[in-house]
There are 2 protein chains.
Amino acid sequence: MVRAGKDGAAPGESVAMTSPEPVEGMAGDQRLRGLVGYSLKRAYYRFQSDAARVLEGFGLRISTYSALVVICDNTDLRQSQLAQILSVERSNTVVVVDALEQAGLIARHRVPKDRRSYALRPTRAGRQLCDRASAALDQHEDRILTDIDPAERAELLRLLQRMEAAAVSREDP
Amino acid sequence: MVRAGKDGAAPGESVAMTSPEPVEGMAGDQRLRGLVGYSLKRAYYRFQSDAARVLEGFGLRISTYSALVVICDNTDLRQSQLAQILSVERSNTVVVVDALEQAGLIARHRVPKDRRSYALRPTRAGRQLCDRASAALDQHEDRILTDIDPAERAELLRLLQRMEAAAVSREDP
DNA sequence: TATTGTTATACTCTATAACTATA
DNA sequence: TATAGTTATAGAGTATAACAATA
């Protein structure tokens, strides 16, 4: 029972990434499906593991890719600004910036006016890789969302951002 | 946790949970905002940290709560079925089921016909807590999604599930 | 005193492999 | 041999505290 076509998990794909084939005669996760948070989580994990696989081909992770994009788009960014934009802790940006620097994709430049901080700048290789990875990621999203038309996709983006903003506004007790 | 007096961050909330106030004159994360995956991630983290806070009041985490719901809704579930339904590895269900059992919310019953597996059953306390936590979580989602009307919310759920399914179907390269 | 970057640490979630006991 | 549950472990992401250099 339970196992329809997929035997123990196809060689190369994990069980956890298998689609939730409903167990016959069981409710399964139907009750949880009513929660936006649950479907959000499932969609997110699926989506990000695919995105991670795409970026792996460029030697990037999701964290390093998104930092690289922000550094490319904001001239002479400080690390604490990077942290704020991406909503990660300052301390956690260090390893990401280290990785980008060691890969020769960005450089830390000293700021004369404030010698505590660095100005982050992409190298030419960094800009090039950023553009190539971005194109691949766009293509990837187009493929994944192929049966969701542009209007729906725009609506989806809009709803996700409203949800995030709504949750933010509920921060205070 | 959450702690009111940490040093760097604004008193009350961590930097990471701070809203992404656009740094003036900068592009910020605008380019990333075009990616569904990025907004999906941001919405997800915001959402789940809120949900985790709600469940904390019941002594539950997201993982234990969702397992409890599935166990309540599927009679005499096996652990591997639980894993399949929730799309987690079998090995990772063990600690979750342990936690639920130790909290007196479920019990492992031996199955005479197959002594390798357990039949998971909720206790009365487990069912009660499940219902109370579910109600609280529903309320929480209603609050968060207060400015998203029911039609939009249904559309959101539908799109999220289509996205997940779409990503699934792209598993085989 | 406050801020920037940093280090160290811990906790969670996820993934993999290998073991045991049953089948 | 195959499966159910288990153990151990490793990797990422995230969060907190404390420190040095600088403001």
Report task. Show your working on side-chain contact (heavy atoms from CB on, under 4.5 Å) between B/D76 and B/H109 and close with a plain yes or no. Result -> CA-CA 8 Å; B/D76 286 355; B/H109 292 273; 5.8 Å; no
Query - Interface with DNA chain C, restricted to residues 108-117 of chain A and to heavy atoms under 4.0 Å - result: A/R108, A/R116, A/S117
Query raised in the report: From C/dT6, D/dA15, D/dG5, pick the nucleotide closest to the side chain of B/R78?
Result: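 When the side chain of B/R78 is considered, D/dG5 is the closest of C/dT6, D/dA15, D/dG5.
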Report task. Working to the nearest 0.5 Å, report the span between CZ of A/R31 and SG of B/C130. Result -> 4.0 Å
Query - From A/T93 atom OG1 to A/L82 atom CG, the distance as rounded to the nearest 0.5 Å - result: 6.0 Å
Requested in this report: For the pair A/R108 and A/D98, find out whether any cationic side-chain nitrogen is under 4.0 Å from an anionic carboxylate oxygen.
Outcome: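 Salt bridge between A/R108 and A/D98, a charged N being under 4.0 Å from a carboxylate O: yes.
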Nearest-angstrom distance from the residue atom [atom1] of [X] to [atom2] of [N]:
| X | N | atom1 | atom2 | answer |
| --- | --- | --- | --- | --- |
| B/L86 | C/dT14 | CG | P | 10 Å |
| A/Q84 | D/dT14 | CD | P | 16 Å |
| A/E89 | C/dA10 | CD | P | 17 Å |
| B/Q79 | D/dT3 | CD | P | 17 Å |
| B/L60 | C/dT12 | CG | P | 14 Å |
| B/R53 | D/dA15 | CZ | C1' | 13 Å |
| B/L82 | D/dT6 | CG | C1' | 15 Å |
| A/R90 | D/dA18 | CZ | P | 14 Å |

Query raised in the report: Going hydrophobic residue to hydrophobic residue with side-chain gaps under 4.5 angstrom, can you get from B/M26 over to A/Y118?
Result: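 Linked, B/M26 and A/Y118 end up in one cluster.
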Query - Side-chain (A/N92) to main-chain (A/V88) donor-acceptor, under 3.5 angstrom - result: no
Query raised in the report: Just by distance, do the side chain of A/D149 and the backbone of A/E152 share a donor-acceptor pair under 3.5 Å?
Result: yes
Query raised in the report: Can you name the ring pair (Phe, Tyr, Trp, His ring centres under 6.0 Å) partners of A/Y44, sequence neighbours left out?
Result: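 With neighbours one apart ignored, the set is B/Y44, B/Y45.
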Query raised in the report: Among B/R158, B/Q161, B/E164, which one satisfies side chain to side chain donor-acceptor pair (under 3.5 Å) with A/S39?
Result: B/Q161
Between the protein and nucleotides 8-13 of chain D, which nitrogen or oxygen pairs are less than 3.5 angstrom apart?
residue	atom	partner	partner atom	Å
D/dA12	OP1	A/R61	NH2	3.2
D/dG13	O3'	B/Y45	OH	3.4

